[in-house]
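All chains are named by letter (A, B, ...) in the order of the sequence lines, taking the proteins before the strands, and each is independently numbered beginning at 1.
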Protein chains: 2
Amino acid sequence: MATIEDVAKLAGLSRTTVSRVINDQPYVTDEKKQRILHAMDELGYVPNSSARRLRSQRTETIAVLLPRITNPFFGNLIESMEQKASKAGYQVIVCQTHDSKKKELDYLQLLKTKQVDGIIMTSLVNDWELIHPYLENGPIVLCNEYMENKPVPMIHMDHRQAAYEAVQHLIEQGCKHLAFVHGEQEGHLTLERKRGFEQALLDHGLTSSENQVIQGPMDVGDGRQLFSYIKKEMPHIDGVFTGSDEVAAGMIYEAAHSDWKIPEDLSVVGFDNQMLSLLMVPSITTIEQPVKKLADKTVEVLLKQLLHPDPVRGKSHVFDHKLVVRGSTRKEKLILH
Amino acid sequence: MATIEDVAKLAGLSRTTVSRVINDQPYVTDEKKQRILHAMDELGYVPNSSARRLRSQRTETIAVLLPRITNPFFGNLIESMEQKASKAGYQVIVCQTHDSKKKELDYLQLLKTKQVDGIIMTSLVNDWELIHPYLENGPIVLCNEYMENKPVPMIHMDHRQAAYEAVQHLIEQGCKHLAFVHGEQEGHLTLERKRGFEQALLDHGLTSSENQVIQGPMDVGDGRQLFSYIKKEMPHIDGVFTGSDEVAAGMIYEAAHSDWKIPEDLSVVGFDNQMLSLLMVPSITTIEQPVKKLADKTVEVLLKQLLHPDPVRGKSHVFDHKLVVRGSTRKEKLILH
DNA sequence: TTGTAAGCGTTATCAT
DNA sequence: ATGATAACGCTTACAA
């Protein structure tokens, strides 16, 4: 593999001058520049990335931590982030934590080992105390996940309000016995949604005791089990706010293979407005997140921090959600057209 | 940021000895080892990755090239690859080409710039002549995509045979006028499927002229348009083999909002057996790929090449597919239970 | 068992 | 405008 030295020799010039050409710096005669470019071409020279990184102390790479790439919400998020980052000349590396505390910390080490310049966390399973020290090693930005009064920028929606509106909608459709379903991890995000759920119940005079919080379900399979469980063990439940279109889809699938009708016997709300939620029969009422806006803003904020290592501030950027009403909750058939 | 030198000083030993401890090498007294570990701990020392890479000429990182992460097939593939690779101590970086020739070549540069030790290509849009030179810089393995007589390992299914079986199944269900649908790019993989399509027609006495090859559709939206197009412009078509569950799902969605019935008026076969294909109403007949096996084998082969830089051989590893028959093609209702 | 010193490929500083 | 030289932080012969 050719090095800068080889190029310099072949062109009859010094490494310094070659380096100037590589980095588009001034003070190189056009004639010599051409000679060097020729030499680089002839040797198939490409600058060695490790050497540059070592020398410059920068990697031009950022890491995005997420639970799992197979969740379409995170898939879309990373897709947008990657596009935005690569326009600014940054590489993105995708880090799946699978909601493991250990993996999350392992990936944060990328900052210490200088493999990345900054980190975006889209989920957060460790206590903040364990995350905080890593701020010494480079900027961290939270996207989607958020917590109060922490010295990092946060880009997200108001999940409490979103949950409130979803639950209010269920109540308006006539549901009296509601369940809130969330995944295995009880993150801050889940907590926010739960608060919204409870507030809505309160505001509409439904006592919490008749309503349920169910922890665990995360995917389609879980949703299927959940439906069977509700039908058998809690048949009084008539409305469910799930934190996930997958879970909602699983419930609807299983319902279709039973004698319950959705939304008549059970109304269901999902989350994320994934393609799936439109395609199901009935289609799924859900909360739409402004994925692209979240992604773009997050990358923008991180890149800004990379350029101006300011004293870290905990500014929140809150984006709007949208309740998309569809067949899984709409009991009175509206007249279309 | 503490360096190895700082640790050495604090422990009153040399860099060499510290390095030995870092790399778990023998010939260090237990007592000194402890002293060093203590010093590392006290300073919060972490080895600098760029320096190690530069010195050792290895990155312990592999790149996986794929069209887009939001396609669940590739999402699942990368998920499995990442797990397998990380067990062997390798990092994975995900590279979305979006089917762009330029991006594909850009990412292959990672091999030249020594940012990765090896590359897995799960799709291939450039001519082989452009890819070939990169083999100088490190091992490349093809997974999913394949071509004949190329000096790289290939791990894949027999797409021609899979297509053949899918089309044969449609014919057995009574379809007489078939269409084969594939995406924008006409890769080798698509070509294989098309051959299977044509062979099946031939073997069952259907002349090609009555049947169609449609290029372009890739996602749910395209599938919806496609259905409308077929209904309006080619209403004689009664069976479609799409290369994608998404396209199939889009067609089914649109059909449900029309007066055509699936499978009676039009039968549809998807590809990949994604969750979506089970959830649709009717559920989608599809081809199941052994994603985990493909992923594991691919990583295994690449890692082997990384350890033994043998003269490159073009061995193919072919895995079995499975035709999953569901409601989108099953005209005679079978009695269940 | 431990240490010295060279070198991986760049780039920044300072001369010239 | 160009070049010599010293880092960046680590590993590895080789010496002791």
Side-chain angles (χ1 to χ4, degrees), chain A residues 1-37 39-40 43-61 89 109-117 137-138, chain B residues 1-37 39-40 43-61 89 109-117 137-138:
Chain A
M1 209 61 263
T3 73
I4 198 172
E5 176 84 49
D6 302 329
V7 176
K9 272 189 190 144
L10 182 58
L13 293 161
S14 74
R15 287 192 311 230
T16 311
T17 311
V18 177
S19 176
R20 288 208 179 89
V21 171
I22 294 172
N23 297 290
D24 261 325
Q25 285 168 12
Y27 304 123
V28 186
T29 344
D30 241 10
E31 180 246 326
K32 315 220 164 177
K33 184 166 178 175
Q34 290 312 318
R35 242 160 70 198
I36 289 172
L37 288 173
M40 295 193 342
L43 295 169
Y45 168 78
V46 178
N48 179 303
S49 151
S50 306
R52 297 186 97 166
R53 291 180 176 203
L54 175 57
R55 181 61 234 228
S56 68
Q57 305 284 39
R58 292 180 316 108
T59 63
E60 319 235 288
T61 303
Q109 285 281 341
L110 292 175
L111 215 45
K112 287 207 177 176
T113 59
K114 296 275 181 294
Q115 295 192 67
V116 301
D117 296 339
N137 306 285
Chain B
M1 207 62 264
T3 72
I4 198 173
E5 177 84 48
D6 302 329
V7 176
K9 272 188 190 141
L10 183 57
L13 293 162
S14 74
R15 289 195 308 232
T16 311
T17 311
V18 176
S19 176
R20 289 209 179 89
V21 171
I22 294 171
N23 297 290
D24 259 326
Q25 286 167 11
Y27 305 123
V28 186
T29 344
D30 240 12
E31 180 245 327
K32 316 217 160 176
K33 184 166 178 175
Q34 290 312 319
R35 244 161 67 199
I36 290 172
L37 289 174
M40 295 193 343
L43 295 169
Y45 168 78
V46 179
N48 178 303
S49 153
S50 306
R52 298 185 92 166
R53 290 181 175 203
L54 176 57
R55 177 62 232 229
S56 64
Q57 305 285 37
R58 292 181 315 108
T59 63
E60 319 233 290
T61 303
Q109 285 281 342
L110 292 174
L111 215 45
K112 286 208 178 177
T113 59
K114 295 276 181 294
Q115 295 193 65
V116 301
D117 297 338
N137 307 285

Protein-proximity profile, nucleotides 7-13 of chain D, B/S/- by nucleotide at the 4.0 Å heavy-atom cutoff, equals BBBBBBB

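- Judged as a side chain to side chain donor-acceptor pair (under 3.5 Å), and not counting sequence neighbours, the contacts of B:Arg52 are B:Asn23.
- What separates CZ of A:Arg35 from P of D:dA1 is a distance of 16 Å, to the nearest Å.
- Each end of the helix from C:dT1-D:dA16 to C:dT16-D:dA1 yields a helix axis from five base pairs, and these two axes differ in direction by 40° (to the nearest 10 degrees).
- Remark: B:Arg15 pairs with B:Glu5 by the salt bridge (Lys or Arg N to Asp or Glu O under 4.0 Å) rule, at least two apart or across chains.
- Scanning for side chain to side chain donor-acceptor pair (under 3.5 Å) contacts around B:Gln34 gives an empty result, with sequence neighbours left out.
- Across every non-hydrogen atom of B:Leu111 and B:Gly138, the tightest pair is CD2-O, 3.7 Å.
- Listed by chain and number, the residues in a side chain to side chain donor-acceptor pair (under 3.5 Å) with A:Thr61 are A:Arg53 (sequence neighbours excluded).
- In this structure A:Ser14 satisfies the side chain to side chain contact (heavy atoms under 4.5 Å, CB included) test together with A:Thr16, A:Thr17, sequence neighbours excluded.
- Looking at residues two or more places apart in sequence or on another chain, you find a salt bridge (Lys or Arg N to Asp or Glu O under 4.0 Å) between B:Arg35 and B:Glu31.
- Residues passing the side chain to side chain donor-acceptor pair (under 3.5 Å) test with A:Gln25, sequence neighbours excluded: none.
- Here D:dA4 presents its C1' atom at 14 Å from CG of A:Leu13, a figure rounded to the nearest Å.
- Listed by residue number, the members of residues 26-34 of chain A with any heavy atom below 4.0 angstrom from DNA chain C form an empty set.
- Take B:Lys114 and apply the side chain to side chain contact (heavy atoms under 4.5 Å, CB included) test, not counting sequence neighbours, and it matches A:Met1, A:Asn48.
- Not a single salt bridge (Lys or Arg N to Asp or Glu O under 4.0 Å) links B:Arg55 to another residue, sequence neighbours left out.
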